[in-house]
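Below, read A as the first sequence line, B as the second, and so on, with proteins coming before strands; counting in each chain starts at 1. What you see is a predicted model, and the numbers here were worked out from it, not measured in a lab.
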Amino acid sequence: MLDFGKYTFEVLISYVGTFSLVSIVIVSTYFDAKKVKKDLKNLNIDILNDK
Amino acid sequence: MIKFRKNIWEFANPNNFLSIANKIVPLFLILTIITLSVGLVWGLFFTPEDYRQGSSVKIIFIHVPTAFLAINIYFMMFLASIIWLIRRHHVSLIAAKSAALIGLIMTLSAILTGAIWGKPIWGTYWAWDPRLTSFAILLMFYLGYLSIWQAMKFSDKIGDLSSWLCIVGSIFALLSRYAVFFWDQGLHQGPSLSLDKEENIDNVFYFPLIICIIGFVLLFLTLLLIRIKTEIQKRKINILLNARDG
Amino acid sequence: MKLNFHLLKYELLFALANKGILLSTSFFIILILIVGIGFGQIGESSEKTLLAIIWIAISLSSLLSIKTMFQEDFDDGTLDLYVLSNTSIETIIFIKSIVHWITTNLPIIILIPLISFPLGITIYHSILICLVMLLSTPALSFISTIGAALTLGEKGGNLLISIFILPTFLPIIIFGMKISLLIANSTYDIMAHLILFALSLICIAITPFITSLIIKIHYT
């Protein structure tokens, strides 16, 4: 199925390379957002407790 | 629903921005997935081979969108920095900061796919061709902009400094680009897309390419919105911590 | 005007007393020799590589003492007085850049014929290259003030300055190297010379204003 004639390797490696590069941003964005959301929640709870 | 607003600057209020971003992000996410998968699958499996370049022409469907984004993200950072310096809207500064990493990755993938494509067609991974050199220059300015945020802690002062760095960087990136093009027109083919139809590539490649570009732009916008949201929340945490600890 | 002249004299004397000239010239000579020896080991010692080495060495050495340009004045409060006083900071930045150019780049440019002659560039060509450098390197000093202003008060400033400023030297380096290559090939392109000098003059005209805006950020 993944056969593009003479340049199969080049085509596949460029797609895979780009996706791995882009996934660095996606993963870091996702985990950053998750962590900050959790921190904000904890902080709000802390502040409520202090009151 | 999003209610009608008087002017665009009201989005500069972080709270307005957050409420709208929360509604838009899921929509953008779905659109990104649809357009990218349609464009890339169309490009990979349903396009013929080029008579000269063979199947290696399929690399165009990621090479052109990433190169397009790499240049335009820097331009967006330039505009956002100017808006921050003139109108002092924090969302604008945060947008410039959040876009930089995505721009760097896009530049890297444009260079990577270009190198892989260049080997079978030109016989070399890298040549000091003007277009390739201008991407190397762009990469350096992205690294400079990112390193100012890495080296210093977030504050309005660093925001000003980084905005000036971005503006100076764009001026000199443009100057270097024309300095390179002054001497040599290079072996890279001309622009694949332009508004006047004559120069354009064949329709068979044109439509999937347009869909891919839209897909990548949507991907960038989605990531950017999420990153801006995260950054605003980070600043909120800082403010809350400062308020609590005095 | 009189005040500016005094400032120029003071800055020059201060730079000379700090032995800036000795440091920059020895850095330049060591850099040229190290890179030359390195290229010699792989059998690559043509006139072309020597030209490239000279341009890269001169752009690296113009970053040498840039960090101290505003830092000392910033630390002891002189810069505060400059910002508060009637004299425009632009003038002070202009004077400081001129002094920086006189103490770091000018001695190097005078040295170039002496170094390049034994290494294989003819005297006539090296003097022409010196003239090109004389007209284009002031821009390097002026541009690097932007880096000095950006990293005011930072501890790891020297590394940051090279990251920010070296890419901005590119237009000057590209044109300078191409023109040197043309000179080495005994051909002349008047257009390229004019563009190089125009670039240099634009940098000299604009950078003091940008730098002063950046310095003012530290005082708001």
Side-chain angles (χ1 to χ4, degrees), chain A, chain B residues 25 36 40 43-45 47 49-50 53-63 65-66 69 98 101-121 216 219-220 222-241 243-244:
Chain A
M1 184 189 169
L2 289 171
D3 183 24
F4 305 112
K6 198 178 160 193
Y7 299 116
T8 307
F9 178 71
E10 277 87 353
V11 173
L12 286 183
I13 201 82
S14 60
Y15 273 72
V16 170
T18 305
F19 279 119
S20 46
L21 276 174
V22 171
S23 63
I24 293 173
V25 197
I26 294 175
V27 167
S28 75
T29 307
Y30 176 71
F31 281 107
D32 224 23
K34 214 173 169 184
K35 185 176 162 288
V36 168
K37 214 173 183 176
K38 206 174 136 197
D39 283 355
L40 195 62
K41 208 175 163 189
N42 287 342
L43 195 66
N44 280 332
I45 292 169
D46 280 1
I47 288 172
L48 278 179
N49 285 343
D50 285 354
K51 279 177 184 170
Chain B
V25 163
L36 262 187
L40 290 180
L44 258 183
F45 299 110
T47 51
E49 294 189 357
D50 190 58
Q53 306 190 347
S55 58
S56 76
V57 76
K58 293 185 200 299
I59 296 176
I60 201 176
F61 300 112
I62 42 179
H63 179 66
T66 46
L69 273 180
S98 320
L101 183 67
I102 311 175
L104 178 76
I105 292 289
M106 289 300 167
T107 317
L108 280 177
S109 34
I111 291 174
L112 175 82
T113 50
I116 294 166
W117 199 1
K119 184 64 181 168
I121 305 302
F216 269 92
L219 175 71
F220 162 64
T222 319
L223 283 173
L224 182 69
L225 285 175
I226 298 173
R227 289 177 78 85
I228 292 174
K229 240 172 75 182
T230 315
E231 204 64 47
I232 290 174
Q233 282 168 342
K234 263 187 200 166
R235 298 195 72 180
K236 220 181 229 171
I237 289 175
N238 271 339
I239 293 166
L240 283 178
L241 279 178
R244 194 185 64 174

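Summarising the geometry of Pro65(B) relative to Phe216(B), their closest heavy-atom pair is CB-CD1, 3.5 Å, with the distance given to 0.1 Å. In terms of heavy-atom proximity, Thr18(A) sits nearest to Ser109(B) at CG2-CB, 3.8 Å. Between Thr47(B) and Lys58(B), the closest heavy-atom pair is O-NZ, 3.1 Å.
Both the backbone and the side chain of Leu21(A) have a heavy atom closer than 4.5 Å to some heavy atom of chain B. Heavy atoms of Leu43(A) lying under 4.5 Å from chain B belong exclusively to its side chain. For Thr66(B), the part lying under 4.5 angstrom from a heavy atom of chain A is the side chain only. Using a 4.5 Å cut-off between heavy atoms, Tyr15(A) touches chain B through backbone and side chain atoms alike. Heavy atoms closer than 4.5 Å to chain A are found nowhere in Lys229(B), neither backbone nor side chain.
In this structure, CD1 in Ile121(B) is found 4.5 Å from OH in Tyr7(A), a value given to the nearest 0.5 Å. Rounded to the nearest 0.5 angstrom, Arg227(B) CZ and Lys234(B) NZ are separated by 8.0 Å.
Interface remark: of the candidates Leu40(B), Ile102(B), Leu104(B), Leu40(B) forms the most heavy-atom pairs closer than 4.5 Å to chain A. Counting heavy-atom pairs closer than 4.5 Å to chain A, the top-ranked of the candidates Val57(B), Leu223(B), Ile62(B) is Ile62(B). Most heavy-atom pairs under 4.5 Å with chain A, from the set Thr113(B), Leu101(B), Ile237(B): that is Ile237(B). For the set Val25(A), Asn44(A), Ile47(A), Ile26(A), the count of heavy-atom pairs under 4.5 angstrom toward chain B peaks at Val25(A). Between chain B and the residues Ser28(A), Ala33(A), Ser14(A), the largest count of heavy-atom pairs under 4.5 Å involves Ser14(A).
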Could you give me the CA-CA distance, side-chain angles and deciding distance for Leu112(B) and Leu108(B), then say whether side-chain contact (heavy atoms from CB on, under 4.5 Å) is met?
CA-CA 6 Å; Leu112(B) 175 82; Leu108(B) 280 177; over 6 Å; no
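Side-chain atoms of Ile116(B) and Phe9(A), non-hydrogen and from C-beta on, never get closer than 4.5 Å to each other.
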